[in-house]
Amino acid sequence: MILRKYKSIIKDEMDRALKEINFPEVDYQIKENTNPEYGELYTNIPFMLSKSLKKNPMDIANEIQKELVFDQSIISEVSKPGYVNFKINYKNLCEETLRNEITQLKESVNIGENQKVILEHTSVNPNKALHIGHARNLFIGDTLARMLRFTGYDLTVMNYIDDSGLQVADIIVGMKYGGFSEIPENNMKFDEYAGDKIYVKINELYENDKELAGKREYVLKELEKKSEIRQYAKEITNKILKAQLETAKRLDAKYDLLVFESDIIFSNGWKIILDKLKEEKIIQLEKEGDLSGAWIFKTNFKNETDKVIIRSDGTSTYIAKDIVLAAWKIGIINEIFNYLPFNNTELLATTLDNIENKYNFHNNMKSITLIDARQSRLQKIIKEILNQFNDNKDKIYEHLSYEIVSLSKGTAETLGIRTEDKKIIQMSGRKGMYINVDKALDIIKNKVYEETKLRNINESEEWIDNTAEKISIAAFRYELLKNDLDKIIVFDLNNSLKLDGETGPYLLYTFARATSILEKSEFQPKIEQIKNIHECLNQPHEIELIKNMAKIDIIIEESVKNMSPMRIAKFTYNLCNLFNSFYEKSPVLREEDKNIMNSRLFLVNSFRNSLIILFDLLGINYLDRI
RNA sequence: AGGCCCGUAGCCUAGAUUGGAUUAAGGCGUCAGCUUGCGGAGCUGGAGACCGGGAGUUCAAGUCUCUCCGGGCCUGCCA
C-alpha cells in the first residue's frame, strides 16, 4: 500500500531498464536506506554487476539511472561509489501514508492467499499450571497466529494435549495411591494444585517408596488401554486443562482446536503410519546389538545414534505419536479424528466418538510447530522421517524453535532455590522451580494497580482494577516478545516490574496520549479539507514519523516471512518513540494556524489507527485512558 | 566426545531476507536539563562499544568462512 508499493514500482521499472540495456540477470533487491539523506530506497546492483561487466560501479549506476523513467513521485539519483538511490516525493508519501486504511493494508500484505496452515503452540502437559516459560511459547504462538491471519493465511491454531504421558501418570498416582485429595485446599486453582502440590511432592516420594514408584509404571501402561484408570485420568486432565485454558484466556490467546494424545493412541493412525514406515523401509528391524528386536530409524546426520521407534517388546515410543500427528498435519494420512466443542465453547477438540464430521483440519500446506530449542533434535528426526514418505510432495513441516526462559539468580533465590555458583537457573516443573504465570501477573498487577490509582484518583475501583489488569498483560506480553527467538530470556521479577522505557505500558501510554488529543479536539478533519498537508508536516521529526508509518506494510510482510513477532514489537515501540518526540515538539491543539493544526490532528489520528493495527497483531488491548 | 545455539557500552537488547555508504541504534542504570503549556508511565542532551580473540574472502565485514576462547542446550528400548 505505501512503501511496499513504491518498492515494487521501482523493481518493475528496474527490471525493464536492465533488460533494455541488456545487462545480465542478477538476483538483486531494492532495499531501504538507513540514512534518509539518500532517499528512502536504493539498489546496489551496480556493485554486483561490476565484476562481470568489468566496469566500475559508478558508470553502471549512471547507465541504469539514465534508462529509468518514473512519474513525478519517484526520483532516481546516482551517488558516490555506485548506488542508485530513490527518493519518493514527500507529498505523495505523506498523503498516502496518512490515509491508511486497514482493508487496503490487508490487501497489500496478502501473502498467504488463503493457503492452509496449521500452527501448534502452548502444548503444556495437563498436569500443572502454566509457568512463565510456557507464557513465552503462548505469546509467540498467539502473535504469529494473528500475523498469519492478517496476511491472509487460512490458519488453524492447535494446542496439543499430552493426556497420557508420564507427567499425567504422576498426578493419577498421587490421587489414587499417594493420598492426595481430589479437591484442592483453599480454592486453589486446579492446575496449580496438581502441579505445585502433587506433581512435585509425588516425585519426592518416589525416592523412598519403591512401591509407589512401581504404581507409576502401572498407571502409565493403563493410560494406553481403554481402562478404568484412563477414564479417571481423562476427568482429572480435563479439569487441569480447563484451568490452564483460563490462564490462556487471561493472556488473550485463542485456539481453534485441541488435539488429545489419547485420541492419537486409540485412532487407527498409528497402524497406518506403521505400515507405511515398514512398507517404504523408512524404519527397519534391528537384528543384532544393543537394539536387537527394535524397529529403528537410522538418521543421516553425523554421529547421531539410531532412534528407536518400536521397542523390542512391541510398544511404541513417544516419538511414534509425534510422527502420526505430524503426518496428519500435512496430509500424509487422512483425517483420523472427529471433532466436538470442548466444554461447550467455540473451541473444538478431537474425539473418536462416532459422530458426523463437519470439520477437516488435516492436510495443511504448511505445519508450524512451536517448541523450545531443547526439542530440536527430535523435531529434526520427525521432519527427516516425513521427508522420506513417498506421498509427501510439497508440504512443509517446520519446527519453529525458541529459547527457554530461565530465572535470574536473585529471582530464583526469592523462591528458595539454591543457586550455588550458577548465574541463571533453568526452571523445572518436577522440582518445583518455576514461576506460575498467574502469580507473575498478579505481582506485576499489584505494582501497576498502585501506579494507575495514583493517576486516576477519581475512578472507580472496578475501572482501576480492569485497567491495571490490561496494562499488566501488555507489560508481560511485550517483555516476552521483544527478544528474538534464539535468545534466552533471563526472567527477573524486579526487572519485569519496570513500567517505563521499552515496555508494554509505554506503548499503551502513547496510545492514550494520542487518544486524548483527539478526544479534546472538536472535530476530526478530513484530508481533503487540508491544504498542502505535506507542507504543514515538514519538520524533521514529523517527516521521520510519517516515513516510518509508511513502512508498516513492509514490516508486516517481513515479520511474517521471518516468523518474527519481535520485529513487529520493535517497530511498534520505535513508532511510539517517534510519536512522543512529535508530541513534545509539535503542539496540536494549541497550534494557532488552523490548517497546520488540522494537519497535525490528522497525523495523530492516522498514527492512532496504525497503532490499533499493530496492537491487534501483538495481542495488546488498547486503552483510551490509563 | 559429537551436534545445535548464543557472545554488540556496567547490565539487557536491535542491527531481517541476500555483506553496502552518518559519529554501530534503543532500553535499564548514570550525569545534566525540560511541566502556571495536548497526560512527566514522557521529552532533550552528555558520558559509556575498536561488535569475545585471531586469521581469511571482498572494492566493502557487527553481518560470510575457518579457527580458538567463554557460556547454554541436546545426544534413553523416559515422555
Side-chain angles (χ1 to χ4, degrees), chain A residues 27-29 31 33-35 37-38 42 44 47-48 50-51 56-57 79-83 85 125 162 164-169 220 261 286 290-296 301-305 307-313 315-319 321 372-378 380 401 403-404 406 423-424 426 448 451-452 454-455 471 482-484 486-490 492 495 498-503 505-510 512-521 555 558-559 561-562 564 566-567 570 573-574 577 580-581 583-591 600-601 604 625-626:
Chain A
D27 194 15
Y28 71 101
Q29 266 215 324
K31 301 190 179 192
N33 263 323
T34 43
N35 189 343
E37 235 179 82
Y38 300 114
Y42 77 96
N44 64 340
F47 296 101
M48 302 170 81
S50 155
K51 217 168 215 175
N56 81 56
S79 69
K80 278 177 269 175
Y83 297 95
N85 287 314
N125 281 316
D162 181 359
S164 347
L166 201 61
Q167 299 201 16
V168 164
L220 190 61
E261 187 187 72
E286 195 73 354
D290 292 344
L291 302 180
S292 178
W295 286 81
I296 59 155
F301 324 126
K302 255 195 301 179
N303 292 314
E304 293 270 340
T305 51
K307 190 79 195 161
V308 174
I309 309 295
I310 305 169
R311 301 188 191 96
S312 43
D313 67 0
T315 59
S316 56
T317 58
Y318 168 79
I319 193 173
K321 295 156 210 160
D372 75 54
R374 292 171 299 186
Q375 300 231 40
S376 293
R377 182 177 176 266
L378 203 65
K380 207 166 92 176
S401 161
E403 271 296 347
I404 54 163
S406 300
K423 282 184 187 154
I424 56 175
Q426 232 198 98
V448 174
E451 295 285 329
T452 308
L454 274 176
R455 292 166 170 81
I471 297 171
K482 73 175 177 184
N483 291 348
D484 218 341
D486 57 14
K487 286 280 200 314
I488 292 175
I489 292 179
V490 180
D492 185 90
N495 237 328
K498 296 255 161 60
L499 307 177
D500 41 46
E502 193 194 342
T503 63
Y506 177 90
L507 304 184
L508 288 174
Y509 177 75
T510 309
R513 261 186 160 177
T515 305
S516 167
I517 293 174
L518 295 170
E519 277 174 355
K520 283 179 183 149
S521 77
I555 299 295
E558 288 171 355
S559 305
K561 285 189 174 160
N562 299 308
S564 175
M566 174 210 78
R567 199 155 159 75
K570 293 271 181 193
Y573 170 73
N574 187 244
N577 217 218
N580 280 318
S581 285
Y583 180 92
E584 296 288 329
K585 290 172 188 163
S586 299
V588 180
L589 302 176
R590 293 194 316 272
E591 173 58 46
R600 289 179 182 167
L601 212 47
V604 174
R625 282 181 301 128
I626 70 169

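Chain A is the first sequence line, chain B the second, and so forth, proteins listed ahead of strands; every chain is numbered from 1.
Side chain of A:Ala294, nearest nucleotide from B:A21, B:C77, B:G42: B:C77. Taking the side chain of A:Thr452 as heavy atoms from C-beta on, and the options B:C28, B:A41, B:C43, the nearest nucleotide is B:A41. Among the nucleotides B:A79, B:G37, B:G72, the one closest to any side-chain atom of A:Arg590 is B:G37. Closest contact between the side chain of A:Arg374 and the listed nucleotides B:G40, B:A79, B:C73 involves B:C73. Side-chain atoms of A:Lys31 lie closest to B:U17 of the nucleotides B:A41, B:U17, B:C59. Distances from the side chain of A:Phe47 to the nucleotides B:U17, B:G20, B:G3 place B:G20 closest. For A:Asn483, the listed nucleotide lying nearest its side chain is B:A14; candidates were B:C38, B:A14, B:G42. Among the nucleotides B:C5, B:A41, B:G3, the one closest to any side-chain atom of A:Glu403 is B:C5. Distances from the side chain of A:Leu220 to the nucleotides B:A79, B:G40, B:C77 place B:A79 closest. Taking only side-chain atoms of A:Lys487, from C-beta outward, the nucleotide of B:A21, B:G7, B:C28 with the closest atom is B:G7.
With both ends at atom P, the span from B:C50 to B:G33 equals 29 Å, rounded to whole Å. With P as the reference atom, B:C66 and B:C5 are 11 Å apart, rounded to whole Å. Nucleotides B:C64 and B:A9, compared at atom C1', are 26 Å apart to the nearest Å. When the C1' atom is used for both B:C77 and B:A61, the distance is 49 Å, rounded to whole Å. B:G26 and B:C43: their C1' atoms are spaced 15 Å apart (whole Å). B:U63 and B:U36 have their P atoms separated by 49 Å, with the value rounded to a whole Å. Look at the C1' atom in both B:A25 and B:U65: the space between them is 27 Å, to the nearest Å. Distance check on atom P: B:U18 versus B:U22 gives 22 Å, rounded to whole Å.
Among the atoms of the strands shown, only primed sugar atoms or phosphate atoms (P, OP1, OP2) are found under 4.0 Å from some heavy atom of A:Asp484. Counting any heavy atom pair closer than 4.0 Å across all strands shown, A:Asn85 reaches a base atom. Contact annotation for A:Tyr506: backbone-only contact, meaning every heavy-atom pair under 4.0 Å involves sugar-phosphate atoms and none involves a base. Note on A:Ile319: nothing from the nucleic acid sits closer than 4.0 angstrom, heavy atoms only. Within 4.0 Å (heavy atoms only), A:Gln29 reaches at least one base atom of the nucleic acid. Nucleic acid contact for A:Ser586: base, since at least one base atom lies under 4.0 Å from a heavy atom of the residue. Residue A:Asn44 is in base contact, counting any heavy-atom pair closer than 4.0 Å across all strands shown. Within the 4.0 angstrom heavy-atom criterion, base atoms lie near A:Ser79. Residue-level contact check: A:Asp372 touches neither bases nor backbone, having no heavy atom under 4.0 Å from any strand. A:Pro587 comes within 4.0 angstrom of a base, heavy atoms only. Heavy atoms of A:Ser521 sit nowhere under 4.0 angstrom from any nucleic acid atom. Using a 4.0 Å heavy-atom distance criterion, A:Lys423 is classed as making no nucleic acid contact. Nucleic acid contact for A:Ser376: none, since no nucleic acid atom lies under 4.0 Å from a heavy atom of the residue. Residue contacts shown for A:Ala169 are absent, as no nucleic acid heavy atom lies under 4.0 Å away.
Taking atom CG of A:Leu601 as the reference point, atom C1' of B:C38 lies 10 Å away to the nearest angstrom. Here B:G76 presents its C1' atom at 14 Å from CD of A:Gln375, a figure rounded to the nearest Å.
Dense packing is recorded around CD of A:Glu519, with more than 12 heavy atoms of other residues, nucleotides or ligands lying under 6.0 Å away. In the displayed structure, A:Asp313 atom CG is contacted under 6.0 Å by more than 12 heavy atoms of other residues, nucleotides or ligands.
When every heavy atom of A:Lys570 is checked against every heavy atom of A:Lys482, the shortest pair comes out as CE-O, 3.3 Å. Nearest heavy-atom pair across A:Ser164 and A:Glu261 is OG-OE1, 3.3 Å. Listed here is the closest heavy atom pair of A:Ala514 and A:Val604: O-CG1, 3.6 Å.
Between the side chain of A:Asn33 and the base of B:A21 there is at least one donor-acceptor pair of N/O atoms closer than 3.5 Å. No donor-acceptor contact under 3.5 Å links the side chain of A:Arg567 to the base of B:A14.
A donor-acceptor pair under 3.5 Å is absent between the side-chain atoms of A:Asn44 and the main chain of A:Phe47, judged by distance alone. For A:Thr317 (side chain) and A:Ile310 (main-chain N/O), no donor-acceptor pair under 3.5 Å exists by modelled atom type. Checking side-chain atoms of A:Asp372 against main-chain N and O of A:Arg374 turns up a donor-acceptor pair under 3.5 Å. No donor-acceptor pair closer than 3.5 Å links the side chain of A:Thr315 to the backbone N or O of A:Arg311. No side-chain donor-acceptor contact under 3.5 Å links A:Arg455 to the backbone of A:Ile626.
Residue A:Leu499 is tested with A:Val448, A:Ile471, A:Thr452, A:Leu508 for a side-chain contact (heavy atoms from CB on, under 4.5 Å); the sole match is A:Val448.
Aromatic ring orientation, A:Tyr573 versus A:Tyr506: tilted (interplanar angle from 30° to 60°).
Considering only side-chain N and O atoms, A:Arg513 lies under 4.0 angstrom from the phosphate OP1 or OP2 of B:G40. Contact check, A:Tyr318 against B:A79: no side-chain N or O comes under 4.0 Å of OP1 or OP2. A sub-4.0 Å separation between OP1 or OP2 of B:C73 and a side-chain N or O of A:Gln426 is present.
No side-chain heavy atom of A:Glu286 sits under 4.5 Å from any side-chain heavy atom of A:Val308.
The 5' end of RNA chain B is approached more closely, in terms of each residue's nearest nucleotide, by A:Leu499 than by the other of A:Ser581 and A:Leu499. Between A:Ile404 and A:Ile489, the residue whose closest nucleotide on RNA chain B is further toward the 5' end is A:Ile489.
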N/O-N/O pairs, protein side and nucleotides 22-27 of chain B side, under 3.5 Å:
{"unit_1": "B:G27", "atom_1": "O2'", "unit_2": "A:Glu502", "atom_2": "N", "d": "3.4"}

Just the dot-bracket of RNA chain B, please: which string comes out with Watson-Crick or G-U pairs under 3.5 Å, [ ] for crossing, | for another strand? (((((((..((((......[....)))).(((((.......))))).....(((((..]....))))))))))))....

